[in-house]
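What follows is one structure encoded as structure tokens, with my remarks underneath.
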Amino acid sequence: MARQARYTIVIVGAGTAGISVAARLVRASKTLKGQIAIIDPQTKHYYQPLWTLVGGGAAKKEESERDLASLIPAGVDLIGDAVTEFRPNQNTLLTKQGTIVSYDYLVAAAGLQIDWDGVKGLKDAVGKNGVCSNYSYHTVDSTWENIRNFKGGTAIFTHPDSPVKCGGAPQKIMYLADDYFRKSNVRNQSDMIFASAKSTIFDAPKYANALEKVVRRKDIQTMYKRNLIEIRPDSKEALFENLETGEQEVLAYDLLHVTPPMKAPLFIK
Ligand SMILES: Cc1cc2nc3c(=O)[nH]c(=O)nc-3n(C[C@H](O)[C@H](O)[C@H](O)COP(=O)(O)OP(=O)(O)OC[C@H]3O[C@@H](n4cnc5c(N)ncnc54)[C@H](O)[C@@H]3O)c2cc1C
């Protein structure tokens, strides 16, 4: 027979969202102690916003890592397992290890999944030969390596044609790179390009207006409606699709910081 567990509130995902919700609920109501479970298969939690500073050379990636269990609020149970199926009509869900967990209320907070296969050639190219990304614990060191060793040329920073975690992160690393290139006297031998699938620099007009001034002041070229679709590491070329005309455009790079496309985790999709 399948194992069973029952809680008033079940939270799927112990990321920033899941842990915050659990903490607020137990703080708001003592009667919920022991009645809340968070389900997550990972044993480590990563404070992802720090990765911008790791890529910019201002922090070590190890500082972003904590044992997940140490962050779970007192009175909340952590179930170390992955959810594989939702059964909303029965108020239950199924885990990979075969437990049926039932609930009165469900909070789904499984985050976004990075789609490294969403750009041809990215998975093999990232971390090597000028291609880098802040979007994973495993690749973030390569960003600082590339920025630190940049000797001038073309540095491209991308923003994909999908929702992303932190709409500002694709640009923040670009501004940190610009700052370092100036300090290391290579900025005057460099072209910097922000190539984004979006039609403006930022969704919220108030911030877009300010950021347009920032890129002008820093002499960063912007290319909108450009979606990175392929990396050719041998020739150091990035292939973009123009989302307005459908035409393809090749840009040569010396440094390419990729914000990869992201999507819903498969079990939710
Ligand atoms: C480089 C970078 C810079 C950023 N900078 C900022 C910033 O400056 N400011 C800001 O506000 N935000 C920033 N963010 C975004 C911020 O980190 C995310 O928005 C936040 O982590 C999202 O929290 P979450 O809980 O939704 O997802 P996550 O923190 O990704 O957690 C999701 C959890 O769900 C779990 N999970 C997945 N599948 C299952 C499953 N099947 N069953 C159970 N659990 C599952 C995962 O293991 C994970 O622990 C940045 C992100 C990055 C990558």
Side-chain angles (χ1 to χ4, degrees), residues 48 51-52 55 111-136 139-140 142-143 146 153-178 190-266 268-269:
Q48 300 165 49
W51 295 347
T52 293
L112 280 172
Q113 189 173 303
I114 305 279
D115 184 11
W116 295 105
D117 291 317
V119 175
K120 192 175 168 194
L122 171 61
K123 207 150 83 181
D124 289 336
V126 70
K128 288 174 257 175
N129 218 9
V131 182
C132 54
S133 179
N134 276 358
Y135 273 82
S136 145
T139 61
V140 64
S142 69
T143 305
N146 278 295
T154 303
I156 303 175
F157 298 79
T158 72
H159 187 124
D161 189 22
S162 77
V164 293
K165 6 181 164 191
C166 193
Q171 289 174 57
K172 282 188 263 181
I173 188 59
M174 177 169 74
Y175 302 134
L176 289 171
D178 170 80
S190 316
D191 291 318
M192 293 184 75
I193 301 172
F194 181 54
S196 170
K198 304 213 130 207
S199 53
T200 57
I201 195 158
F202 206 77
D203 285 340
K206 183 178 167 191
Y207 302 115
N209 289 340
L211 287 168
E212 280 297 348
K213 288 183 197 139
V214 172
V215 285
R216 267 203 303 276
R217 190 176 74 229
K218 291 181 177 292
D219 194 23
I220 295 171
Q221 186 192 340
T222 51
M223 298 172 76
Y224 297 124
K225 291 275 172 192
R226 303 301 205 292
N227 187 32
L228 178 68
I229 53 173
E230 184 180 341
I231 298 172
R232 298 168 181 162
D234 294 340
S235 51
K236 290 191 134 186
E237 289 173 330
L239 181 65
F240 290 86
E241 183 188 8
N242 185 321
L243 297 176
E244 231 147 41
T245 64
E247 282 166 14
Q248 296 188 349
E249 205 171 335
V250 174
L251 295 182
Y253 64 81
D254 297 287
L255 186 159
L256 177 66
H257 179 271
V258 180
T259 298
M262 296 169 211
K263 57 186 185 184
L266 270 183
I268 286 182
K269 197 178 172 192

- [ ] Give a yes or no on whether Y207 atom OH has more than 12 heavy-atom contacts from other residues, nucleotides or ligands under 6.0 Å away.
- [x]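 Incorrect, the count does not exceed 12.
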Where [X] and [Y] come nearest, the two heavy atoms and their spacing:
X    : Y    : result
Q248 : L239 : OE1-CD2, 3.7 Å
F157 : P170 : CB-O, 4.2 Å
L112 : A264 : CD2-N, 4.4 Å
G55  : I173 : C-CD1, 3.5 Å
L122 : P260 : CD2-CB, 4.0 Å
P265 : Q113 : CA-OE1, 3.2 Å

Can you tell me how far [atom2] of [Y] sits from [atom1] of [X], rounded to the nearest 0.5 angstrom?
X    : Y    : atom1 : atom2 : answer
S196 : F240 : OG    : CZ    : 10.0 Å
N129 : L256 : CG    : CG    : 11.0 Å
D191 : I220 : CG    : CD1   : 11.5 Å
R226 : I156 : CZ    : CD1   : 11.5 Å
N134 : W51  : CG    : CH2   : 9.5 Å
M192 : T154 : CE    : OG1   : 11.0 Å

Does the side chain of [Y] come within less than 4.5 Å of [X]'s, by heavy atoms?
X    : Y    : value
K172 : C166 : yes
Y224 : I201 : yes
V258 : I231 : yes
D161 : E241 : no
H257 : T259 : yes

Task: Y175 and V215: CA distance, side-chain angles, deciding distance, side-chain contact (heavy atoms from CB on, under 4.5 Å) verdict - done: CA-CA 9 Å; Y175 302 134; V215 285; 3.6 Å; yes
Whether [X] side chain and [Y] backbone form a donor-acceptor pair below 3.5 Å:
X    : Y    : answer
S142 : C132 : no
Q171 : L211 : no
S162 : M262 : yes
S133 : T139 : no

Task: Test salt bridge (charged side-chain N to carboxylate O under 4.0 Å, His left out) applied to K218 - qualifying residues, sequence neighbours left out - done: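 Only D178 meet the salt bridge (charged side-chain N to carboxylate O under 4.0 Å, His left out) criterion with K218.
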- [ ] Take I193 and Y253, measure what side-chain contact (heavy atoms from CB on, under 4.5 Å) needs, and give me the verdict at the end.
- [x] CA-CA 10 Å; I193 301 172; Y253 64 81; over 6 Å; no
- [ ] Could you check whether the rings of F194 and H159 sit parallel, tilted or perpendicular, using 30° and 60° as the cut-offs?
- [x]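 Plane angle over 60°, so perpendicular.
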- [ ] Could you walk me through whether M223 and E249 pass side-chain contact (heavy atoms from CB on, under 4.5 Å), step by step?
- [x] CA-CA 11 Å; M223 298 172 76; E249 205 171 335; 3.3 Å; yes
